[in-house]
Amino acid sequence: MTNAQLSLEVAKRHKVSVLLARILVLRGIKTLEETDRWLNWDAPCEHDPFLMKNMAQAIDLISTMRENKKKVWIYGDYDLDGISGAAILASALNDWGLPVNWMLPNRFDGGYGLSAVTLKKMKDAGAENLILIDTGITAIEEIKAAKEFGMQVLVLDHHKPSGEGLPLADAILDPFLDDCEYPNKALCAAGVAYKFLHALYQKTGKPLSDLEKYLPLVSLGTLADIVPLNAENICLVRKGMEKFLDSDCLAIQILYERFATDKNFVSSNDIHYRMAPLLNAPGRMESPDTSLEFLLCKDREEIEGLYEKLAECNTQRRKIELDIHAQAIKRLEEIYGKDLPKVLVIDALEWNIGVIGIAAARIAQEYKRPTAIISVQSDGIAAASARSAGSFNWHSALFPCRDLFIRWGGHVKAAGFNMAAEKISELRVRIEEQAVLQGFAPVAEDTVHYDLEVSLSEMNVKFLNELKRLEPFGNENPYPVFLARQVSVRGFKFLTGGHMRFYAVQGRTSIPAIAFNKAHLADAIQKGNIDLIFEVRSNVYQGVENAQLIVFGVV
């Protein structure tokens, strides 16, 4: 069966447009049966949690902690995945009858992961047992110290081991463990927490329906951590997106009320660009505790105050982000001039370490090159956040360089590390060697990829509603990009900030379009009769929904 024939059959089977069917085929669908996973949101696709190595051991351990009635502390991470995972565990274990306390790391006084300082803080506060979420797989010395304190330690992580062996925890859950048969290696930390609770509920007879309240938190962690959207992750996120609409969690209710652009549907876009930045902001600016307190809060008056703190941090984060981005561009030119390498390593003194990851992502996108932004602190220690571009694999690139780092960790698309500032020059050389070994080549700056050529008449509200069936969009399931040829332009207008607005016209169809940060395309756009590359998005104004084009480029 040809792709064209398969598209027609998919359209008939699911009563969708041929255009949506063509997008599915481009996503790699080979059979009609495979389309059910994408278009049938009720299709079962979760794996047995007991396939995860050490799951039975972890359940026995948590049961022992409950029986012994010793004080249990959860230790998470300062990003939204770790915060969501901690919120899931704290809520569920308290409901199960195991009272827990929690602590989160702080970028500004302890850095990533469990440290000797934070371990002692928890011990002094009365911690007798420890649950690590979104961290721990590389904490060999710290967990050894916890064991010497007499603690039982449970690790729930989703990062790859360092290659230096595993910590001697009482139980470790991590899909990347050797011989782990769990099929989904792309779970985020919140996903690992959810699968752990799934197994716990299954083993103890607690109704699995009670787990559903935590699914919005799984959605937040999965999309915020940009893990690959494989079958199970899509399934978990979809269930979480649906539960936003009737959640009994105050925090989820507030996020839904204030950030869902469609009051009958929470989209991945709402989470990616509205909810996640808000909840990540405190951890970038000061302490992530505010976000976890917000997610766990059960008092309406108190939660409004916490929300105001979140919003204030987010406003500050935006301002600092813009400042660092401008400084990083200037520093980039100082380091490299016009002869850019395959990988950009940009360092400066005392940039805000909570925001450098956002700056790295933006520069990686603008320059089509993997980027590490490094903030050198007054003590000579450099903290870095790295983001990928194209096919570059940060984890594979950093692993052979690990002798340079005090600590490091991450994934294919994103990573972080600490190192002595004097070794940054050596890192530049060795990372460039890794890029060559990976066969990575930056894409030409003016190259904009698209999925399908379409007619503007196909870009309407009906199609936008169909696109919702392919949600969530993200890593390995990108939002579709289209090309429309011979488009004329009317009502062209410059906006502040280097943006442009106009109407894209093709035949009898006229659609409003906006181009963000594309001032360099102004001359080409104003000439008209252009081939336009864009996304189509919903724009709701005064309660009326219309299609709007988000312009990426001109061919």
Side-chain angles (χ1 to χ4, degrees), residues 23 25-30 81 158-163 175-176 184-188 222-231 233-234 268 272 328 332 336 339-346 356-374 384-402 404-405 408-417 427-452 470 472-483 533 535 552-553 555:
I23 295 170
V25 172
L26 279 177
R27 295 287 192 263
I29 295 299
K30 301 295 184 186
D81 184 25
H158 71 126
H159 297 94
K160 290 183 178 180
S162 66
F176 283 112
N184 183 8
K185 305 301 182 185
L187 282 172
C188 69
T222 302
L223 293 178
D225 218 48
I226 322 177
V227 294
L229 291 173
N230 57 23
N233 285 347
I234 285 175
S268 51
H272 278 304
L332 169 66
Y336 299 112
D339 187 19
L340 297 183
K342 296 178 184 293
V343 182
L344 305 178
V345 178
I346 308 168
I356 56 176
I358 304 173
R362 188 169 172 184
I363 291 175
Q365 181 181 37
E366 291 171 355
Y367 286 82
K368 309 296 190 290
R369 286 165 168 80
T371 301
I373 301 289
I374 301 179
S385 191
R387 297 295 184 270
S388 187
S391 62
F392 187 81
N393 184 324
W394 266 112
H395 189 277
S396 295
L398 293 178
F399 185 80
C401 306
R402 64 191 183 280
L404 297 176
F405 307 131
W408 73 283
H411 308 290
V412 171
K413 298 292 184 183
F417 52 88
L427 175 67
R428 285 194 178 100
V429 174
R430 291 174 64 177
I431 283 292
E432 194 71 5
E433 291 171 352
Q434 291 303 313
V436 172
L437 289 173
Q438 289 188 24
F440 172 77
V443 178
E445 284 190 32
D446 59 354
T447 301
V448 182
H449 295 287
Y450 63 90
D451 296 292
L452 288 169
L470 300 189
F473 295 107
N475 186 6
E476 295 192 3
N477 184 37
Y479 199 88
V481 178
F482 302 109
L483 167 69
I533 297 176
E535 289 180 352
F552 288 167
V555 182

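What you see is a predicted model; the values in this text were computed from it and never measured. Just the heavy atoms: all of them, side chains too, but no hydrogens, waters or symmetry mates, feed the values below.
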**For Cys188 against Asp225, the heavy-atom pair lying closest together** = CB-CB, 4.5 Å

**Request:** Report the residues that fulfil side chain to side chain contact (heavy atoms under 4.5 Å, CB included) with Gln365, sequence neighbours left out, ordered by chain and then residue number.
**Result:** none

**Request:** Please report the C-alpha distance between Asn233 and Glu476 in whole Å, then the side-chain angles of each, then the deciding distance to 0.1 Å, and finally whether the side chain to side chain contact (heavy atoms under 4.5 Å, CB included) criterion is met.
**Result:** CA-CA 11 Å; Asn233 285 347; Glu476 295 192 3; over 6 Å; no

**Message:** What I'd like to find out is whether the side chain of Ile373 reaches to under 4.5 Å of the side chain of Ser385, using heavy atoms alone.
**Reply:** no

**Asked** So, do Asp81 and His158 sit near enough that their side-chain heavy atoms are less than 4.5 Å apart?
**Response** yes

**Sub-4.5 Å side-chain heavy-atom contact between Leu404 and Leu398** = no

**Item:** Heavy-atom side-chain proximity of His159 to Phe176 below 4.5 angstrom
**Value:** no

**Request:** Check salt bridge (Lys or Arg N to Asp or Glu O under 4.0 Å) between Arg430 and all other residues, then give those that pass, not counting sequence neighbours.
**Result:** Asp403, Glu426

**Message:** Let me confirm one number: the CG-CG distance from Leu332 to Leu344, rounded to the nearest 0.5 Å.
**Reply:** 5.5 Å

**Pair Arg369-Thr371, side-chain donor/acceptor within less than 3.5 Å** = no

**Asked** Which atom pair, heavy atoms only, marks the closest approach of Asn475 to Ile226?
**Response** ND2-O, 2.9 Å

**Message:** For Lys30, is the NZ atom crowded, meaning more than 12 foreign heavy atoms sit under 6.0 Å from it?
**Reply:** no

**Item:** Between CD1 on residue Ile431 and SG on residue Cys401, distance to nearest 0.5 Å
**Value:** 4.5 Å

**Lys/Arg cation over aromatic Phe405: Arg402, 6.0 Å, 45° cone** = no

**Prompt:** In terms of the angle between their ring planes, are His395 and Trp408 parallel, tilted or perpendicular, with boundaries placed at 30° and 60°?
**Reply:** tilted

**Asked** Of the non-hydrogen atoms in Phe473 and Pro480, which two are nearest, and what is the gap between them?
**Response** CE2-CD, 3.8 Å

**Asked** With a 4.5 Å limit on heavy-atom distance, are the side chains of Val343 and Gln434 in contact?
**Response** no

**Asked** Does a side-chain heavy-atom distance below 4.5 Å link Pro478 with Arg27?
**Response** yes

**Request:** Before giving the answer on side chain to side chain contact (heavy atoms under 4.5 Å, CB included), spell out for Phe399 and Asn393 the whole-Å C-alpha distance, their side-chain angles and the decisive distance to 0.1 Å.
**Result:** CA-CA 10 Å; Phe399 185 80; Asn393 184 324; over 6 Å; no

**Item:** Check: Tyr336 side chain, Val345 main-chain N or O, donor-acceptor pair, under 3.5 Å
**Value:** yes

**Asked** Of the non-hydrogen atoms in Leu229 and Pro472, which two are nearest, and what is the gap between them?
**Response** CD1-O, 3.4 Å

**Request:** Without swapping roles, check the side chain of Lys368 against the backbone of Pro442 for a donor-acceptor pair under 3.5 Å.
**Result:** no

**Prompt:** Taking side chain as C-beta onward, heavy atoms only, is Gln438 less than 4.5 Å from Ser396?
**Reply:** yes

**Prompt:** Between Arg387 and Trp394, what is the shortest heavy-atom contact and its length?
**Reply:** O-NE1, 2.9 Å

**Nearest-0.5 Å distance, CD1 of residue Ile23 to CG of residue Leu470** = 6.0 Å

**Fill in**
Of all heavy-atom pairs linking Lys342 and Val436, the shortest is CE-CG2, 3.9 Å

**Prompt:** Can you check side chain to side chain contact (heavy atoms under 4.5 Å, CB included) on Ile533 and Val481, steps first, answer last?
**Reply:** CA-CA 7 Å; Ile533 297 176; Val481 178; 3.5 Å; yes

